[in-house]
Amino acid sequence: MFLVGLTGGIASGKSTVSSQLRELGCPIIDADVVARKVVEPHSPAYRLVVQHFGQEVLLENGEIDRQKLGHIIFSSPEKRRLLNSITHPEIHKAMLKQILLYFIRGYRFVVLDVPLLFETRRLTRFLNHTVVVYCDPATQLARLMHRDGLSQEEAEQRIAAQMPLNEKRGLASHVIENSGSREDTHRQVFKLHTKLEDSMEFLFVRAIVVAAVAGLGGLFLYTVRLLAS
């Protein structure tokens with residue numbers, strides 16, 4: 001099994017591409033979903049968030065108010081880095097567990113849907129393919145303002161908090177252009193899916209794993225025989 005990283009920018013359409021890949025049968029591990037789970041009440045990350053950001057970031061039911069926390073971190077790079085240092089290690093551990101489960105189940109590849117894939121760079125060395133969902137800056141700004149009900153200043157602030165899409169596009173091995181129609185995006189996604197399905201990279205990875213397991217098994221048997229002789 002090989003790994004595919006999917007990323008983009010806020011309001012670039014990454015979720016749309018992720019959904020289309022899921023409909024085509026791709027296993028998706030969504031870092032945003034994992035991120036919500038690792039900060040559930042009484043988890044280690046939850047306790048650290050409350051410790052550093054205070055009780056004011058909590059809802060009445062004790063869960064973290066993501067909107068309020070978002071306003072804090074998007075207005076302060078230092079606090080954004082602090083939150084990332086708390087949550088990212090827990091997110092990566094949870095994602096690794098899911099990857100192993102998909103590997104055991106025999107999938108050829110897994111798509112990791114990670115918004116900050118290139119910002120953190122912790123996962124990129126493990127990826128065989130990276131995909132960026134791109135749209136032009138004007139479209140991105142308009143979509144974000146409409147989707148989240150933000151002013152232009154607020155939307156620009158959130159976009160500026162991420163690596164520019166043009167820069168991400170230069171780092172990716174595949175680009176999905178999402179400035180046009182949904183049908184055009186779907187055609188590009190289908191083409192990418194076909195390429196990933198036709199890839200034989202998973203055979204190479206499995207051969208390495210099988211060889212490693214067989215080697216460890218052989219070493220174990222050799223040790224037992226030595227002890228028994």
Side-chain angles (χ1 to χ4, degrees), residues 1-19 21-22 26-107 109-127 130-133 144 147-150 154 157-163 168:
M1 185 183 72
F2 60 90
L3 302 177
V4 180
L6 174 66
T7 192
I10 188 169
S12 69
K14 178 179 62 61
S15 296
T16 297
V17 171
S18 182
S19 296
L21 286 170
R22 193 187 301 275
C26 296
I28 307 287
I29 299 177
D30 189 330
D32 278 343
V33 174
V34 176
R36 285 192 285 271
K37 289 184 179 296
V38 301
V39 294
E40 288 179 345
H42 312 300
S43 67
Y46 171 89
R47 289 193 290 268
L48 286 172
V49 169
V50 176
Q51 176 185 328
H52 288 284
F53 292 90
Q55 296 284 332
E56 59 268 23
V57 299
L58 299 181
L59 297 167
E60 290 184 4
N61 63 3
E63 294 180 357
I64 290 175
D65 187 332
R66 293 173 61 84
Q67 185 174 9
K68 186 174 292 185
L69 185 59
H71 282 302
I72 293 173
I73 66 169
F74 279 114
S75 62
S76 170
E78 182 180 346
K79 290 181 179 179
R80 187 163 62 250
R81 285 192 293 269
L82 173 60
L83 180 65
N84 289 342
S85 71
I86 292 170
T87 58
H88 284 180
E90 297 299 319
I91 292 169
H92 293 158
K93 283 192 289 186
M95 292 177 73
L96 178 59
K97 290 179 182 178
Q98 292 188 40
I99 290 169
L100 290 174
L101 286 175
Y102 281 123
F103 179 81
I104 292 169
R105 292 166 63 183
Y107 281 88
F109 62 89
V110 172
V111 177
L112 307 183
D113 182 340
V114 185
L116 301 180
L117 181 66
F118 291 124
E119 283 87 342
T120 63
R121 296 183 180 272
R122 291 180 180 175
L123 295 174
T124 52
R125 64 183 181 274
F126 303 111
L127 304 174
T130 52
V131 183
V132 162
V133 181
L144 181 57
R147 187 191 73 184
D148 293 357
L150 301 175
E154 290 173 323
Q157 185 182 55
R158 297 205 172 195
I159 292 172
Q162 297 183 346
M163 182 186 295
K168 290 186 178 184

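Nothing here was measured: the structure is a model prediction, and the numbers come from that model. For this chain, numbers begin at 1 and follow the sequence in order.
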Original post:
Out of curiosity, I86 CD1 to R47 CZ, how far, rounded to the nearest 0.5 Å?
Top reply: 12.5 Å
Original post:
Is Q67 atom CD crowded by more than 12 heavy atoms from other residues, nucleotides or ligands, each under 6.0 Å away?
Top reply: no
Original post:
Taking side chain as C-beta onward, heavy atoms only, is V57 less than 4.5 Å from H52?
Top reply: no
Original post:
Which distance, rounded to the nearest 0.5 Å, do you find between the CD1 of I29 and the CD1 of I91?
Top reply: 13.0 Å
Original post:
With distance as the sole test, does E119 use its side chain to make a donor-acceptor pair with the main-chain N or O of M163 at under 3.5 Å?
Top reply: yes
Subject >> Shortest non-hydrogen separation from V111 to C26 and the atoms involved >> reply: CG2-CB, 4.3 Å
Original post:
What are the two closest heavy atoms between R80 and F74, and how far apart are they?
Top reply: NH1-CA, 3.8 Å
**OP:** Determine whether I64 and F53 make a side-chain contact, defined as any pair of heavy atoms from C-beta on separated by less than 4.5 Å.
**Re:** no
Original post:
Under 4.5 Å between any side-chain heavy atoms of K37 and S43, yes or no?
Top reply: no
Subject >> Heavy-atom pair with the smallest gap, counting every atom of E63 and P41 >> reply: CG-CG, 4.0 Å
Original post:
Roughly how far, to the nearest 0.5 Å, is the CG atom of L123 from the CG atom of L3?
Top reply: 9.0 Å
Original post:
What pair of heavy atoms forms the shortest contact from V133 to S12, and how long is it?
Top reply: O-OG, 3.2 Å
Original post:
Do T7 and V114 have side chains that get closer than 4.5 Å, going by heavy atoms?
Top reply: no
Original post:
When rounded to the nearest 0.5 angstrom, what is the spacing between CG in L144 and CD in E154?
Top reply: 9.5 Å
If you look only at distance, which donor and acceptor atoms sit under 3.5 Å apart when one is on a side chain in residues 93-100 and the other is two or more places apart or in another chain?
{"from": "K93", "atom 1": "NZ", "to": "E90", "atom 2": "OE2", "distance (Å)": "3.3"}

**OP:** Work out which heavy atom in F118 is nearest to a heavy atom in K168; give both atom names and the distance.
**Re:** CE1-O, 3.8 Å
**OP:** With the side chain counted from C-beta on, respond yes when D32 and D113 share a heavy-atom pair under 4.5 Å apart, and no when they do not.
**Re:** no
Original post:
What is the distance from atom CZ of R81 to atom NE2 of H88, rounded to the nearest 0.5 Å?
Top reply: 13.0 Å
Original post:
To the nearest 0.5 Å, how far apart are OG in S76 and NE2 in H71?
Top reply: 14.5 Å
**OP:** Please confirm whether the backbone N or O of P115 pairs with a side-chain atom of K14, one donor and one acceptor, at under 3.5 Å?
**Re:** no
Original post:
Going by heavy atoms in the side chains, are V4 and L112 under 4.5 Å from each other?
Top reply: no
**OP:** For atom CD of E78, decide whether the heavy atoms of other residues, nucleotides or ligands shown that lie under 6.0 angstrom number more than 12.
**Re:** no
Subject >> Within-4.5 Å side-chain heavy-atom neighbours: L69 and R66 >> reply: no
Subject >> pair N84-T120: side-chain heavy atoms closer than 4.5 Å >> reply: no
Subject >> Ring geometry between F109 and F2 (parallel below 30°, tilted from 30 to 60°, perpendicular above 60°) >> reply: parallel
**OP:** Step by step, work out the side chain to side chain contact (heavy atoms under 4.5 Å, CB included) result for V17 and V131.
**Re:** CA-CA 10 Å; V17 171; V131 183; 5.5 Å; no
